[in-house]
2 protein chains.
Amino acid sequence: MVAYTPSAMKAELHERGWRMTPQRETILNTFQNVAKGEHLSAEELCELLKEEGAPISLSTIYRNLKLMSRMGILRELELAEGQKRYEINQPSPHHHHHLICVRCNKTIEFKNDSVLKAGAKMADKSGYHLLDCQLLIHAVCPACQRSIMPV
Amino acid sequence: MVAYTPSAMKAELHERGWRMTPQRETILNTFQNVAKGEHLSAEELCELLKEEGAPISLSTIYRNLKLMSRMGILRELELAEGQKRYEINQPSPHHHHHLICVRCNKTIEFKNDSVLKAGAKMADKSGYHLLDCQLLIHAVCPACQRSIMPV
DNA sequence: TATTGATTGAGAAACTTTCGCATTACGGAT
DNA sequence: ATCCGTAATGCGAAAGTTTCTCAATCAATA
Ligand SMILES: [Mn+2]
Ligand SMILES: [Mn+2]
Ligand SMILES: [Zn+2]
Ligand SMILES: [Zn+2]
(Lines give C-alpha, C1' and ligand atoms only; values in the text may rest on other atoms or scores of the structure.)
(Ligands and ions follow the chains in the order given, each with its own letter.)
Protein backbone atom coordinates (compact mmCIF):
# COMPACT_ATOMS: atom_id res chain seq x y z
CA MET A 1 0.00 0.00 0.00
CA VAL A 2 2.03 2.89 -1.34
CA ALA A 3 0.99 6.19 -2.92
CA TYR A 4 1.67 5.79 -6.63
CA THR A 5 3.24 8.21 -9.09
CA PRO A 6 2.68 7.63 -12.81
CA SER A 7 6.28 6.47 -13.21
CA ALA A 8 6.04 4.07 -10.29
CA MET A 9 2.91 2.62 -11.85
CA LYS A 10 4.67 2.43 -15.20
CA ALA A 11 7.58 0.53 -13.66
CA GLU A 12 5.30 -1.95 -12.01
CA LEU A 13 3.34 -2.51 -15.21
CA HIS A 14 6.57 -3.14 -17.10
CA GLU A 15 7.65 -5.74 -14.57
CA ARG A 16 4.72 -7.80 -15.77
CA GLY A 17 5.14 -7.08 -19.48
CA TRP A 18 2.37 -4.53 -19.58
CA ARG A 19 2.24 -0.93 -20.75
CA MET A 20 1.59 2.52 -19.48
CA THR A 21 -1.01 4.42 -21.47
CA PRO A 22 -2.36 7.97 -21.43
CA GLN A 23 -5.69 6.57 -20.26
CA ARG A 24 -4.10 4.90 -17.24
CA GLU A 25 -2.21 8.01 -16.32
CA THR A 26 -5.37 10.10 -16.63
CA ILE A 27 -7.25 7.75 -14.33
CA LEU A 28 -4.44 7.76 -11.77
CA ASN A 29 -4.22 11.55 -11.81
CA THR A 30 -7.96 11.92 -11.54
CA PHE A 31 -8.18 9.79 -8.43
CA GLN A 32 -5.25 11.60 -6.88
CA ASN A 33 -6.86 14.97 -7.44
CA VAL A 34 -10.45 14.21 -6.59
CA ALA A 35 -11.74 15.62 -3.29
CA LYS A 36 -11.13 13.56 -0.19
CA GLY A 37 -14.19 11.48 0.65
CA GLU A 38 -15.27 11.14 -2.99
CA HIS A 39 -15.97 7.60 -4.10
CA LEU A 40 -16.35 7.41 -7.86
CA SER A 41 -18.23 4.75 -9.78
CA ALA A 42 -17.12 3.72 -13.27
CA GLU A 43 -19.96 5.67 -14.81
CA GLU A 44 -19.22 8.77 -12.75
CA LEU A 45 -15.54 8.68 -13.65
CA CYS A 46 -16.51 8.37 -17.31
CA GLU A 47 -18.76 11.42 -17.06
CA LEU A 48 -16.18 13.42 -15.13
CA LEU A 49 -13.49 12.77 -17.73
CA LYS A 50 -15.89 13.66 -20.52
CA GLU A 51 -16.62 17.00 -18.84
CA GLU A 52 -12.94 17.67 -18.40
CA GLY A 53 -12.31 17.11 -22.09
CA ALA A 54 -10.27 13.93 -21.66
CA PRO A 55 -12.88 11.25 -22.38
CA ILE A 56 -12.08 7.58 -21.96
CA SER A 57 -14.37 4.80 -23.08
CA LEU A 58 -16.42 3.05 -20.44
CA SER A 59 -14.90 -0.32 -21.36
CA THR A 60 -11.41 0.99 -20.77
CA ILE A 61 -12.46 2.53 -17.50
CA TYR A 62 -13.88 -0.75 -16.24
CA ARG A 63 -10.77 -2.63 -17.35
CA ASN A 64 -8.42 -0.23 -15.61
CA LEU A 65 -10.40 0.19 -12.42
CA LYS A 66 -10.10 -3.54 -11.97
CA LEU A 67 -6.44 -3.60 -12.97
CA MET A 68 -5.50 -0.75 -10.65
CA SER A 69 -7.44 -2.26 -7.77
CA ARG A 70 -5.61 -5.53 -8.17
CA MET A 71 -2.32 -3.66 -8.23
CA GLY A 72 -3.24 -1.99 -4.95
CA ILE A 73 -3.36 1.49 -6.49
CA LEU A 74 -7.09 1.88 -6.02
CA ARG A 75 -9.42 0.37 -3.49
CA GLU A 76 -12.73 -1.10 -4.52
CA LEU A 77 -15.64 -0.20 -2.27
CA GLU A 78 -19.14 -1.61 -2.07
CA LEU A 79 -20.78 1.21 -0.15
CA ALA A 80 -24.23 1.95 -1.51
CA GLU A 81 -26.25 -0.52 -3.51
CA GLY A 82 -25.82 -1.22 -7.15
CA GLN A 83 -22.33 -0.40 -8.21
CA LYS A 84 -18.77 -0.55 -7.06
CA ARG A 85 -17.00 2.66 -6.15
CA TYR A 86 -13.33 3.46 -6.13
CA GLU A 87 -10.89 5.74 -4.35
CA ILE A 88 -7.13 6.07 -4.25
CA ASN A 89 -5.47 3.66 -1.83
CA GLN A 90 -3.31 5.61 0.57
CA PRO A 91 -1.01 4.41 3.33
CA SER A 92 -1.27 4.97 7.04
CA PRO A 93 -1.70 8.63 7.82
CA HIS A 94 -4.47 8.92 5.23
CA HIS A 95 -5.79 5.38 5.32
CA HIS A 96 -9.38 5.11 6.56
CA HIS A 97 -12.42 2.91 7.00
CA HIS A 98 -16.14 3.37 6.31
CA LEU A 99 -19.30 3.45 8.40
CA ILE A 100 -22.44 3.25 6.25
CA CYS A 101 -26.13 3.67 6.97
CA VAL A 102 -27.89 0.81 5.17
CA ARG A 103 -31.04 2.89 4.76
CA CYS A 104 -29.89 6.28 3.46
CA ASN A 105 -26.32 5.35 2.52
CA LYS A 106 -24.86 8.22 4.53
CA THR A 107 -21.20 7.33 4.87
CA ILE A 108 -18.66 8.35 7.49
CA GLU A 109 -14.94 7.87 6.98
CA PHE A 110 -12.81 7.23 10.04
CA LYS A 111 -9.25 6.33 10.81
CA ASN A 112 -8.06 3.49 12.99
CA ASP A 113 -4.45 2.48 12.65
CA SER A 114 -4.68 -0.40 15.08
CA VAL A 115 -7.33 -1.99 12.89
CA LEU A 116 -5.14 -1.43 9.85
CA LYS A 117 -2.21 -2.98 11.68
CA ALA A 118 -4.30 -5.96 12.71
CA GLY A 119 -5.27 -6.50 9.08
CA ALA A 120 -1.71 -6.15 7.83
CA LYS A 121 -0.51 -8.58 10.49
CA MET A 122 -3.15 -11.12 9.56
CA ALA A 123 -2.24 -10.94 5.85
CA ASP A 124 1.45 -11.23 6.65
CA LYS A 125 0.96 -14.14 9.00
CA SER A 126 -0.86 -16.02 6.24
CA GLY A 127 1.77 -15.22 3.64
CA TYR A 128 -0.59 -13.01 1.68
CA HIS A 129 0.62 -9.85 -0.07
CA LEU A 130 -1.60 -7.05 1.24
CA LEU A 131 -3.42 -4.85 -1.24
CA ASP A 132 -6.18 -3.23 0.79
CA CYS A 133 -7.59 -3.42 4.27
CA GLN A 134 -10.97 -1.89 5.06
CA LEU A 135 -13.24 -2.11 8.05
CA LEU A 136 -16.78 -1.98 6.76
CA ILE A 137 -19.50 -1.11 9.25
CA HIS A 138 -23.13 -1.46 8.29
CA ALA A 139 -25.47 0.37 10.61
CA VAL A 140 -28.52 2.63 10.89
CA CYS A 141 -27.80 6.34 11.29
CA PRO A 142 -29.53 8.46 13.95
CA ALA A 143 -31.88 10.12 11.46
CA CYS A 144 -32.99 6.78 10.00
CA GLN A 145 -33.51 5.31 13.48
CA ARG A 146 -36.05 8.04 14.14
CA SER A 147 -37.87 7.54 10.84
CA ILE A 148 -40.51 4.83 10.56
CA MET A 149 -39.25 3.85 7.14
CA PRO A 150 -39.15 0.38 5.58
CA VAL A 151 -36.33 -1.78 6.89
CA MET B 1 -25.90 -8.51 16.47
CA VAL B 2 -27.75 -11.38 18.08
CA ALA B 3 -28.33 -14.96 16.94
CA TYR B 4 -31.94 -15.11 15.78
CA THR B 5 -34.59 -17.72 16.37
CA PRO B 6 -37.63 -17.83 14.10
CA SER B 7 -39.79 -16.43 16.89
CA ALA B 8 -37.36 -13.62 17.66
CA MET B 9 -37.40 -12.73 13.99
CA LYS B 10 -41.17 -12.90 13.98
CA ALA B 11 -41.40 -10.56 16.95
CA GLU B 12 -39.11 -8.03 15.34
CA LEU B 13 -41.04 -8.18 12.09
CA HIS B 14 -44.30 -7.58 13.93
CA GLU B 15 -42.86 -4.53 15.66
CA ARG B 16 -42.70 -2.94 12.24
CA GLY B 17 -46.06 -4.16 10.99
CA TRP B 18 -44.58 -6.95 8.90
CA ARG B 19 -45.22 -10.67 8.76
CA MET B 20 -43.45 -13.92 9.30
CA THR B 21 -43.75 -16.34 6.41
CA PRO B 22 -42.72 -19.94 5.78
CA GLN B 23 -40.24 -18.66 3.20
CA ARG B 24 -38.54 -16.39 5.73
CA GLU B 25 -38.33 -19.17 8.27
CA THR B 26 -36.88 -21.53 5.67
CA ILE B 27 -34.21 -19.00 4.73
CA LEU B 28 -33.31 -18.38 8.36
CA ASN B 29 -33.07 -22.10 9.11
CA THR B 30 -31.01 -22.73 6.01
CA PHE B 31 -28.40 -20.14 6.92
CA GLN B 32 -28.27 -21.43 10.47
CA ASN B 33 -27.65 -24.99 9.33
CA VAL B 34 -25.29 -24.39 6.43
CA ALA B 35 -21.65 -25.37 7.02
CA LYS B 36 -19.43 -22.80 8.67
CA GLY B 37 -17.45 -20.89 6.09
CA GLU B 38 -20.15 -21.24 3.41
CA HIS B 39 -21.15 -17.98 1.76
CA LEU B 40 -24.27 -18.42 -0.34
CA SER B 41 -25.32 -16.25 -3.24
CA ALA B 42 -29.00 -15.69 -4.03
CA GLU B 43 -28.81 -18.09 -6.95
CA GLU B 44 -27.05 -20.76 -4.89
CA LEU B 45 -29.58 -20.50 -2.09
CA CYS B 46 -32.36 -20.86 -4.67
CA GLU B 47 -30.76 -24.02 -6.08
CA LEU B 48 -30.10 -25.46 -2.64
CA LEU B 49 -33.71 -25.00 -1.57
CA LYS B 50 -34.92 -26.51 -4.81
CA GLU B 51 -32.79 -29.61 -4.20
CA GLU B 52 -34.08 -29.89 -0.67
CA GLY B 53 -37.66 -29.85 -1.90
CA ALA B 54 -38.56 -26.48 -0.39
CA PRO B 55 -38.21 -24.18 -3.38
CA ILE B 56 -38.59 -20.43 -3.03
CA SER B 57 -38.79 -18.07 -5.97
CA LEU B 58 -35.68 -16.10 -6.80
CA SER B 59 -37.52 -12.79 -6.37
CA THR B 60 -38.55 -13.71 -2.87
CA ILE B 61 -35.03 -14.80 -2.06
CA TYR B 62 -33.60 -11.49 -3.22
CA ARG B 63 -36.23 -9.57 -1.28
CA ASN B 64 -35.58 -11.46 1.93
CA LEU B 65 -31.80 -11.53 1.72
CA LYS B 66 -31.93 -7.76 1.62
CA LEU B 67 -34.53 -7.55 4.36
CA MET B 68 -32.68 -9.90 6.68
CA SER B 69 -29.39 -8.13 6.07
CA ARG B 70 -30.93 -4.82 7.01
CA MET B 71 -32.36 -6.38 10.14
CA GLY B 72 -28.88 -7.57 11.07
CA ILE B 73 -29.83 -11.25 10.81
CA LEU B 74 -27.61 -11.89 7.81
CA ARG B 75 -24.43 -10.20 6.71
CA GLU B 76 -23.91 -9.21 3.10
CA LEU B 77 -20.46 -9.99 1.72
CA GLU B 78 -18.77 -8.88 -1.47
CA LEU B 79 -16.05 -11.50 -1.60
CA ALA B 80 -15.53 -12.76 -5.12
CA GLU B 81 -16.57 -10.86 -8.20
CA GLY B 82 -20.02 -10.70 -9.60
CA GLN B 83 -22.52 -11.30 -6.89
CA LYS B 84 -23.20 -10.66 -3.26
CA ARG B 85 -22.94 -13.52 -0.82
CA TYR B 86 -24.59 -14.00 2.54
CA GLU B 87 -23.97 -15.74 5.84
CA ILE B 88 -25.62 -15.73 9.23
CA ASN B 89 -24.54 -12.84 11.41
CA GLN B 90 -23.27 -14.17 14.71
CA PRO B 91 -22.07 -12.34 17.80
CA SER B 92 -18.65 -12.30 19.35
CA PRO B 93 -17.41 -15.82 19.91
CA HIS B 94 -18.32 -16.79 16.34
CA HIS B 95 -17.96 -13.40 14.66
CA HIS B 96 -15.21 -13.28 12.05
CA HIS B 97 -13.59 -11.33 9.26
CA HIS B 98 -12.39 -12.24 5.75
CA LEU B 99 -9.05 -12.28 3.96
CA ILE B 100 -9.47 -12.74 0.20
CA CYS B 101 -7.05 -13.38 -2.65
CA VAL B 102 -8.05 -11.03 -5.46
CA ARG B 103 -6.74 -13.45 -8.07
CA CYS B 104 -8.10 -16.88 -7.13
CA ASN B 105 -10.70 -15.76 -4.57
CA LYS B 106 -9.37 -18.13 -1.92
CA THR B 107 -10.88 -16.83 1.29
CA ILE B 108 -9.69 -17.18 4.87
CA GLU B 109 -11.93 -16.44 7.82
CA PHE B 110 -10.34 -15.14 10.98
CA LYS B 111 -11.45 -13.79 14.31
CA ASN B 112 -10.38 -10.54 15.90
CA ASP B 113 -12.48 -9.25 18.74
CA SER B 114 -10.52 -6.06 19.19
CA VAL B 115 -11.33 -5.09 15.59
CA LEU B 116 -14.97 -5.93 16.22
CA LYS B 117 -14.90 -3.84 19.38
CA ALA B 118 -13.30 -0.93 17.54
CA GLY B 119 -16.06 -1.08 14.96
CA ALA B 120 -18.81 -1.28 17.56
CA LYS B 121 -17.29 1.63 19.44
CA MET B 122 -17.10 3.74 16.30
CA ALA B 123 -20.74 3.05 15.44
CA ASP B 124 -21.83 3.82 18.99
CA LYS B 125 -19.83 7.02 19.17
CA SER B 126 -21.55 8.25 16.02
CA GLY B 127 -25.01 7.29 17.27
CA TYR B 128 -25.38 4.57 14.66
CA HIS B 129 -27.19 1.31 15.43
CA LEU B 130 -24.73 -1.43 14.51
CA LEU B 131 -25.81 -4.16 12.14
CA ASP B 132 -22.57 -5.68 10.91
CA CYS B 133 -18.85 -5.07 11.23
CA GLN B 134 -16.43 -6.77 8.88
CA LEU B 135 -12.75 -6.30 8.23
CA LEU B 136 -12.20 -6.98 4.54
CA ILE B 137 -8.65 -7.69 3.45
CA HIS B 138 -7.80 -7.85 -0.23
CA ALA B 139 -4.48 -9.51 -0.92
CA VAL B 140 -2.58 -11.98 -3.10
CA CYS B 141 -2.23 -15.50 -1.71
CA PRO B 142 1.11 -17.33 -1.65
CA ALA B 143 0.21 -19.58 -4.61
CA CYS B 144 -0.85 -16.64 -6.76
CA GLN B 145 2.30 -14.69 -5.85
CA ARG B 146 4.35 -17.51 -7.34
CA SER B 147 2.27 -17.72 -10.51
CA ILE B 148 2.97 -15.35 -13.39
CA MET B 149 -0.70 -14.79 -14.02
CA PRO B 150 -2.42 -11.62 -15.21
CA VAL B 151 -2.82 -9.09 -12.42
C1' DT C 1 11.80 3.14 -38.11
C1' DA C 2 9.75 -1.43 -38.13
C1' DT C 3 7.63 -4.99 -35.44
C1' DT C 4 4.81 -7.23 -32.03
C1' DG C 5 1.47 -7.69 -29.02
C1' DA C 6 -0.93 -5.10 -25.34
C1' DT C 7 -4.60 -1.76 -25.22
C1' DT C 8 -8.35 0.92 -26.76
C1' DG C 9 -13.18 2.10 -28.35
C1' DA C 10 -17.75 0.83 -29.78
C1' DG C 11 -21.42 -1.97 -29.46
C1' DA C 12 -23.30 -6.38 -28.33
C1' DA C 13 -23.99 -9.64 -24.81
C1' DA C 14 -24.12 -11.60 -20.27
C1' DC C 15 -25.43 -11.46 -15.75
C1' DT C 16 -27.26 -9.88 -11.42
C1' DT C 17 -30.87 -7.54 -9.29
C1' DT C 18 -35.20 -5.05 -9.29
C1' DC C 19 -39.94 -4.15 -10.71
C1' DG C 20 -45.01 -4.74 -11.88
C1' DC C 21 -48.88 -7.14 -11.08
C1' DA C 22 -52.17 -10.74 -10.19
C1' DT C 23 -52.65 -14.11 -6.59
C1' DT C 24 -51.96 -15.92 -2.01
C1' DA C 25 -52.04 -15.91 2.82
C1' DC C 26 -50.59 -13.76 7.57
C1' DG C 27 -52.57 -12.07 11.59
C1' DG C 28 -55.57 -8.79 14.02
C1' DA C 29 -60.45 -8.21 14.70
C1' DT C 30 -64.98 -9.90 14.76
C1' DA D 1 -63.57 -20.28 13.62
C1' DT D 2 -64.17 -16.83 9.98
C1' DC D 3 -63.48 -12.42 7.78
C1' DC D 4 -60.71 -8.65 6.01
C1' DG D 5 -57.04 -5.60 4.88
C1' DT D 6 -52.77 -5.65 3.22
C1' DA D 7 -48.07 -7.65 3.30
C1' DA D 8 -45.78 -11.08 0.73
C1' DT D 9 -45.14 -14.35 -2.99
C1' DG D 10 -44.25 -16.03 -7.75
C1' DC D 11 -43.71 -15.22 -12.41
C1' DG D 12 -41.97 -12.83 -16.13
C1' DA D 13 -40.34 -8.60 -17.87
C1' DA D 14 -37.21 -4.84 -17.30
C1' DA D 15 -33.36 -2.31 -15.63
C1' DG D 16 -28.72 -1.64 -14.62
C1' DT D 17 -24.01 -2.94 -14.24
C1' DT D 18 -20.12 -5.28 -15.97
C1' DT D 19 -17.88 -8.16 -19.37
C1' DC D 20 -16.93 -9.65 -24.00
C1' DT D 21 -15.74 -9.39 -29.06
C1' DC D 22 -13.00 -7.66 -32.45
C1' DA D 23 -10.96 -4.45 -35.61
C1' DA D 24 -7.99 -0.50 -35.14
C1' DT D 25 -4.41 1.80 -32.55
C1' DC D 26 -0.30 2.60 -30.22
C1' DA D 27 3.57 1.64 -26.51
C1' DA D 28 7.92 -0.25 -26.12
C1' DT D 29 11.83 -2.60 -27.77
C1' DA D 30 15.40 -3.58 -31.06
MN1 LIG E 1 -13.26 6.64 1.54
MN1 LIG F 1 -17.63 -15.90 6.61
ZN1 LIG G 1 -29.52 6.81 7.43
ZN1 LIG H 1 -4.74 -16.73 -4.90
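Lettering follows sequence order; numbering is per chain, from 1. Only heavy atoms go into these numbers, but all of them, side chains included; no hydrogens, no water, no symmetry mates.
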- request: Pick base, sugar-phosphate or nothing for B:Thr21, based on heavy-atom distances below 4.0 Å to the nucleic acid.
  value: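 Counting heavy atoms under 4.0 Å across all strands, the contact made by B:Thr21 is with sugar-phosphate only.
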task: Describe the nucleic acid contact of B:Gln23 in one word from base, sugar-phosphate, nothing, applying a heavy-atom distance below 4.0 Å.
output: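 Sugar-phosphate contact only - B:Gln23 comes under 4.0 Å of backbone atoms but never of a base.
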Can you tell me how far [atom2] of [N] sits from [atom1] of [X], to the nearest Å?
X	N	atom1	atom2	answer
A:Met9	D:dA28	CE	P	11 Å
B:Glu25	D:dA7	CD	P	21 Å
A:Arg63	C:dT7	CZ	C1'	7 Å
B:Glu78	C:dT16	CD	C1'	11 Å
A:Ile61	C:dG9	CD1	P	9 Å
B:Ile27	D:dT9	CD1	P	8 Å
A:Lys84	D:dT18	NZ	C1'	7 Å
A:Arg16	C:dT7	CZ	C1'	16 Å

Consider only side-chain N and O atoms of [X] and [Y], and report whether a donor and an acceptor are under 3.5 Å apart.
X	Y	value
A:Glu109	A:His39	yes
B:Tyr4	B:Glu12	yes
A:His96	A:His94	no
B:Glu87	B:Asn89	no

query: Between A:Arg19 and B:Leu58, which is nearer to the 5' end of DNA chain C once each is assigned its nearest nucleotide?
result: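 Result of the comparison: A:Arg19.
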field: Closest-nucleotide ordering on DNA chain C, the 5'-leading residue of B:Gln83 and B:Pro22
entry: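 Its nearest nucleotide lies further toward 5', so the answer is B:Gln83.
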B:Pro55 or B:Gly17, whichever maps to the more 5' nucleotide of DNA chain D: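 In this pair, the answer is B:Gly17.
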- request: Kindly say whether, by distance alone, the side chain of B:Ser57 makes a donor-acceptor pair under 3.5 Å with the base of D:dC11?
  value: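 Side chain to base: no pair present.
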Has [X] got a side-chain N or O lying under 4.0 Å from the OP1 or OP2 atom of [N]?
X	N	result
A:Asn64	C:dT7	no
A:Thr60	C:dG9	yes
B:His14	C:dG28	yes
A:Lys10	D:dA27	no
A:Tyr62	D:dT19	no

query: Of the nucleotides D:dC20, C:dG27, D:dG12, which one has an atom closest to the side chain of B:Met20?
result: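 Output: C:dG27.
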query: Which class fits the ring pair A:His97 and A:Phe110: parallel under 30°, tilted 30 to 60°, perpendicular over 60°?
result: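 A:His97 vs A:Phe110 ring planes: tilted.
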